[in-house]
> 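Below is the structure I would like to discuss, written out as structure tokens.
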Amino acid sequence: MNILRVNLLDWREERREQRKKQFGVLLGAAAAVGAGVCLSVIVYFNGQLDAQNERNNRLKSEIKLMEAKIAEIKDLEKVREDLIARTQVIEKLQQSRAQTVHFFDELTRTAPNGLYLTRVEQRGPETQIDGVAESNGRVSTYIRNMESADWLHSPRLVYIKAINTNGRRLSEFSLRVRVGARKDQNSAEEVLVE
């Protein structure tokens with residue numbers, strides 16, 4: 001007996017089912033590969049982000065160190081400027097000390113006999129000198145002597161008037177004079193220093 005087997009199912013339907021299964025498997029594999037690629041991209045960029053954050057933090061700490069050094073440099077510059085200012089003050093004091101000695105030396109050396117100083121007062125760059133002389137000619141001689149002095153220059157007579165003291169006729173005067181080395185003397189001193 002021969003039994004004949006007849007397939008009543010449609011072969012196309014079976015093939016369609018098979019393709020659906022293959023498509024599902026391929027779709028799952030593609031989804032798995034896509035998920036793997038996405039995961040690896042996410043891991044890569046997270047690593048890059050962490051590395052950049054680490055560099056940023058290192059730069060921030062270096063910037064803080066540099067700011068501290070800059071502040072220290074500014075403090076040192078301020079100390080340097082203070083020291084320079086102090087040095088300049090000391091130099092000016094040294095110069096004025098010599099100038100004072102020269103001033104009093106010139107003041108007495110230029111005064112002729114018969115002329116007496118009653119007051120010497122410095123007012124800014126000028127010095128006012130008051131005194132009494134036996135005659136107007138002695139005041140004129142004093143002014144001429146000042147004009148030729150090294151440390152006294154530009155004398156100007158403020159006033160001169162006749163007064164009687166103990167039966168003697170005297171000339172009371174006031175004049176102003178600038179104190180300091182003359183320009184030509186300064187240049188000569190600079191040449192000697194160089």
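Everything numeric in this text was worked out from a predicted model, so none of it was measured.
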> Can you list, by chain and residue number, the hydrophobic cluster partners of Tyr159 when the side-chain cut-off is 4.5 Å?
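Reading the cluster by chain and number, Tyr159 sits alongside Val158.
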> Show which side-chain atoms of residues 16-43 pair as donor or acceptor with protein atoms under 3.5 Å away, not counting sequence neighbours.
from	atom 1	to	atom 2	distance (Å)
Arg16	NH1	Glu13	OE1	3.2
Ser40	OG	Gly36	O	3.2
Ser40	OG	Val37	O	2.8

> Under the side-chain contact (heavy atoms from CB on, under 4.5 Å) test, which residues partner Thr141, sequence neighbours left out?
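Listed in chain order: Pro112, Arg144, Asn145.
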> For residues 66-78, which residue pairs pass the salt bridge (charged side-chain N to carboxylate O under 4.0 Å, His left out) check, not counting sequence neighbours?
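Listed by first then second residue: Lys78-Asp82.
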> I'd like to check the salt bridge (charged side-chain N to carboxylate O under 4.0 Å, His left out) partners of Arg156; sequence neighbours left out, ordered by chain and number.
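Partners of Arg156 by the salt bridge (charged side-chain N to carboxylate O under 4.0 Å, His left out) criterion, ordered by chain and then number, come out as Glu126.
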> Same cluster for Val132 and Val120 if Ile/Leu/Val/Met/Phe/Trp/Tyr side chains link at under 4.5 Å?
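No.
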> Which atom names give the shortest non-hydrogen contact between Leu107 and Tyr142, and what distance separates them?
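Answer, listing the atom of Leu107 first, then Tyr142: CD1-OH, 3.3 Å.
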> Looking at every heavy atom in both Thr110 and Ala149, which two are closest together, and how far apart are they?
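Closest approach of Thr110 to Ala149, heavy atoms only: CG2-CB, 4.0 Å.
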> With sequence neighbours excluded, what pairs up with Tyr116 under the side-chain contact (heavy atoms from CB on, under 4.5 Å) test?
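Partners of Tyr116 by the side-chain contact (heavy atoms from CB on, under 4.5 Å) criterion, ordered by chain and then number, come out as Glu134.
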> Are Leu157 and Ile129 connected into the same hydrophobic cluster when the rule is that any two of I, L, V, M, F, W, Y join if their side-chain heavy atoms are below 4.5 Å apart?
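Same cluster.
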> Do Leu152 and Glu147 make a side-chain contact, defined as non-hydrogen atoms from C-beta onward lying under 4.5 Å apart?
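A side-chain contact is absent here, since even the closest heavy-atom pair is not under 4.5 Å.
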> Rounded to the nearest 0.5 Å, what separates atom CE in Met66 from atom OG in Ser61?
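With rounding to 0.5 Å, CE (Met66) is 10.0 Å from OG (Ser61).
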> Give every residue pair that meets the salt bridge (charged side-chain N to carboxylate O under 4.0 Å, His left out) criterion with at least one member in residues 43-66, sequence neighbours excluded.
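Checked against salt bridge (charged side-chain N to carboxylate O under 4.0 Å, His left out) - neighbours excluded - no pair reaches residues 43-66.
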> Taking ILVMFWY side chains as joined if any heavy atoms are under 4.5 angstrom apart, and letting links pass through other members, which residues group with Leu76?
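Answer for Leu76: none, a lone residue.
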> Could you measure the distance from the OG1 atom of Thr127 to the CD atom of Gln122? Nearest 0.5 Å is fine.
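Spacing of OG1 (Thr127) from CD (Gln122) equals 4.5 Å.
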> Would you mind writing out the side-chain donor-acceptor pairs for residues 166-178 within the sub-3.5 Å range, not counting sequence neighbours?
from	atom 1	to	atom 2	distance (Å)
Ser171	OG	Asn136	OD1	2.6
Ser174	OG	Gln128	NE2	3.1
Ser174	OG	Asp130	OD1	2.7

> Salt bridge (charged side-chain N to carboxylate O under 4.0 Å, His left out) with Glu121: which residues, sequence neighbours excluded?
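Salt bridge (charged side-chain N to carboxylate O under 4.0 Å, His left out) list for Glu121, sorted by chain: Arg119, Arg123.
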> With hydrophobic residues grouped by side-chain heavy-atom distances under 4.5 Å, do Ile143 and Leu115 end up in a single group?
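In one cluster with Ile143: Leu115, yes.
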> What's in the same ILVMFWY side-chain cluster as Ile73, cut-off under 4.5 Å, chained through other members?
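None; Ile73 is a cluster of one.
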